[in-house]
Enquirer: 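Pasting in a structure now, in structure tokens, and then I'll have a few things to ask.
Throughout, protein chains are lettered first and strands after them, A, B, ... in sequence-line order, and every chain is numbered starting at 1.
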Number of protein chains: 2
Amino acid sequence: MSQRVTALSIIDAIVADLRRRIYQGELTQGAALTEAEVAANYDVARPTAKAAIERLVSESLLERGAHKTARVKTLGADSVRDIYFARAYLESEVVRRLARNTTVPPAAVSANAEITARTSRPATDIIEPDMMFHTALVDAMQNKRTSAMYRSLLGEVRLCMTRVQSLELLDTAQIAAEHAAILERIAAGDPEGAANVLDGHLAHARELLAAQLEAASG
Amino acid sequence: MSQRVTALSIIDAIVADLRRRIYQGELTQGAALTEAEVAANYDVARPTAKAAIERLVSESLLERGAHKTARVKTLGADSVRDIYFARAYLESEVVRRLARNTTVPPAAVSANAEITARTSRPATDIIEPDMMFHTALVDAMQNKRTSAMYRSLLGEVRLCMTRVQSLELLDTAQIAAEHAAILERIAAGDPEGAANVLDGHLAHARELLAAQLEAASG
DNA sequence: CAAGTGTACTTGTTAGACAATATTCGAGTT
DNA sequence: AACTCGAATATTGTCTAACAAGTACACTTG
């Protein structure tokens, strides 16, 4: 018995653990995950492993074609652009509407404070609070489906992050400053300005990541 | 043997047929779908039926809790509002960006022409072209993930539509006119105007549907 | 008539098996 | 020696059968 997971639903537990291993880079991009392998690893039957794999495929953390072995999704520069444009479409509308009501989400403020507090720590430490900042913005709309859609995107974002080893190029101070600028425009009741700042913020991250991946593949 | 489905993946075929039956109102809101029942209906094993049901749950056309029978999703007025607000967030940003580039999607134009051509037909006939119009707008962004997110919303929209029997209250001429106004604002390169017209269009539909559902439940 | 209990139904998970398809490796040919 | 074709192997898709566990409903009992 390699790893025993105990929870309400066995499949849920396996999904959670596989997700963790993918996020932590233990399972790198392109790694094969056969059903039998997963079943043996977690000491469950193959149908159970199959269900877990299918769930992760629907989360688009894994990919597989018919009759083919599932693999950890490989994200190219084009995929990153697709993801970040989708983020931009969603988030810019969100901040626009938040600015229209001048509602600054408290959770976003505290998440950004967390980032400024960690400027000297390892760069990977700011991934969590950075995502929390953006999630807080979207969640402030109090729209279940929008939040769900955004979370599905963030799963893939996280995948890019682990793929890009040298995250040192992230200037945490600058990120925090851009976040602050977004909140400031919202507080000022400036929808167009808030959307513009956010667009720039995401465009910056997007091209940074895309350039990294293009360099890695070529 | 009741119904034989023949396709590449058996599960896909069952999912497609169940989806069709839900959309066509054959399976009404709240209808129970046990695994054994589905398995017998399509002459497949229970695990196969189970997988099909789980796929529809992840599409949120069905809902079920642990150890409980799956049921066709019941949409209340609050859910409809959630769905339509999510649509509004996505689509208004889409038309804003389309207007910024003055790109009028040809597919949207022809879809709206289809609506005007059917003003005297039964109201249910305009559901399809109406959805095609909105889908065309989103697809014009050429962003795979945005399109996917939008399609997941449309599944639930379609569910509302079948739920609301008396669709006669839909004024097809007005719908077509509002669509035309959106396209006109895009062609005029007026992002703010396009977004406003679209917001109004969706708000109109939203409150119409919500009022219907509130009346039906109360 | 109300409350607790028990039974039937349904789902969660497992085991084992077979068919169909992918992949890989080897043999034969050019 | 390189390439192509074919066979062996691995992997997935699906099935049958079964048991455990949890829910819901009816039935008994107070």
Enquirer: Heavy atoms, side chains only, cut-off 4.5 Å: are A/Leu61 and A/Tyr23 in contact?
Expert: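 In short, these two side chains touch, coming nearer than 4.5 Å.
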Enquirer: Say whether, by atom type as modelled, one donor and one acceptor occur between the side chain of A/Ser60 and the main chain of A/Val57 under 3.5 angstrom.
Expert: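 Absent.
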Enquirer: Polar pairs (N or O, both sides) under 3.5 Å between protein and nucleotides 15-19 of chain C?
Expert:
{"from": "C/dA17", "atom 1": "N6", "to": "A/Arg46", "atom 2": "NH2", "distance (Å)": "3.2"}

Enquirer: What pairs with B/Gln29 under side chain to side chain contact (heavy atoms under 4.5 Å, CB included), at least two apart in sequence or on another chain?
Expert: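 Side chain to side chain contact (heavy atoms under 4.5 Å, CB included) check on B/Gln29 returns B/Thr74, B/Arg163.
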Enquirer: Any side-chain N or O of B/Ser9 under 4.0 Å from OP1/OP2 of D/dT14?
Expert: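 Indeed, a polar side-chain atom of B/Ser9 lies that close.
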Enquirer: Could you tell me whether the phosphate oxygens of C/dG12, OP1 or OP2, come under 4.0 Å of any side-chain nitrogen or oxygen in B/Lys50?
Expert: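 For C/dG12, OP1 or OP2 has a side-chain N or O of B/Lys50 closer than 4.0 Å.
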Enquirer: Classify the ring geometry of B/His179 against B/His201: parallel below 30°, tilted from 30° to 60°, perpendicular beyond 60°.
Expert: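 Plane angle over 60°, so perpendicular.
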Enquirer: Find the distance A/Asp12:CG to C/dT13:C1' and express it as a whole number of Å.
Expert: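 Taking atom C1' of C/dT13 as the reference, CG of A/Asp12 is at 13 Å.
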Enquirer: Test of understanding: with salt bridge (charged side-chain N to carboxylate O under 4.0 Å, His left out), list the residues that count as partners of B/Arg97, not counting sequence neighbours.
Expert: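 With sequence neighbours excluded, B/Arg97 shows a salt bridge (charged side-chain N to carboxylate O under 4.0 Å, His left out) to A/Asp199, B/Glu93, given in chain and number order.
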Enquirer: Taking atom CD of A/Glu114 and atom CD of A/Glu128, what is their separation to the nearest 0.5 Å?
Expert: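 The CD atom of A/Glu114 sits 10.5 Å away from the CD atom of A/Glu128.
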Enquirer: Just the rounded figure in Å: distance from C1' of C/dT13 to CD1 of A/Ile14.
Expert: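 Checked: the CD1 to C1' distance equals 11 Å.
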Enquirer: Which of residues 51-72 of chain B sit near DNA chain C, with a heavy atom under 4.0 Å from it?
Expert: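 Listed by number, they are B/Arg64, B/His67, B/Lys68, B/Thr69.
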Enquirer: Which residues pass the side-chain hydrogen bond (donor to acceptor under 3.5 Å, both in side chains) test with B/Asn143, not counting sequence neighbours?
Expert: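 With neighbours one apart ignored, the set is B/Thr146.
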Enquirer: Taking atom P of C/dA22 as reference, at what distance in whole Å does atom CD of A/Glu35 sit?
Expert: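 For the pair A/Glu35 CD and C/dA22 P, the rounded distance is 15 Å.
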Enquirer: Just how far, in rounded Å, is C1' of D/dA21 from CD1 of A/Ile11?
Expert: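 Rounded to the whole Å, the gap is 15 Å.
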Enquirer: Can you list the residues that meet the side-chain hydrogen bond (donor to acceptor under 3.5 Å, both in side chains) rule with B/Ser58, with sequence neighbours excluded?
Expert: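 Residues passing side-chain hydrogen bond (donor to acceptor under 3.5 Å, both in side chains) with B/Ser58: none at all.
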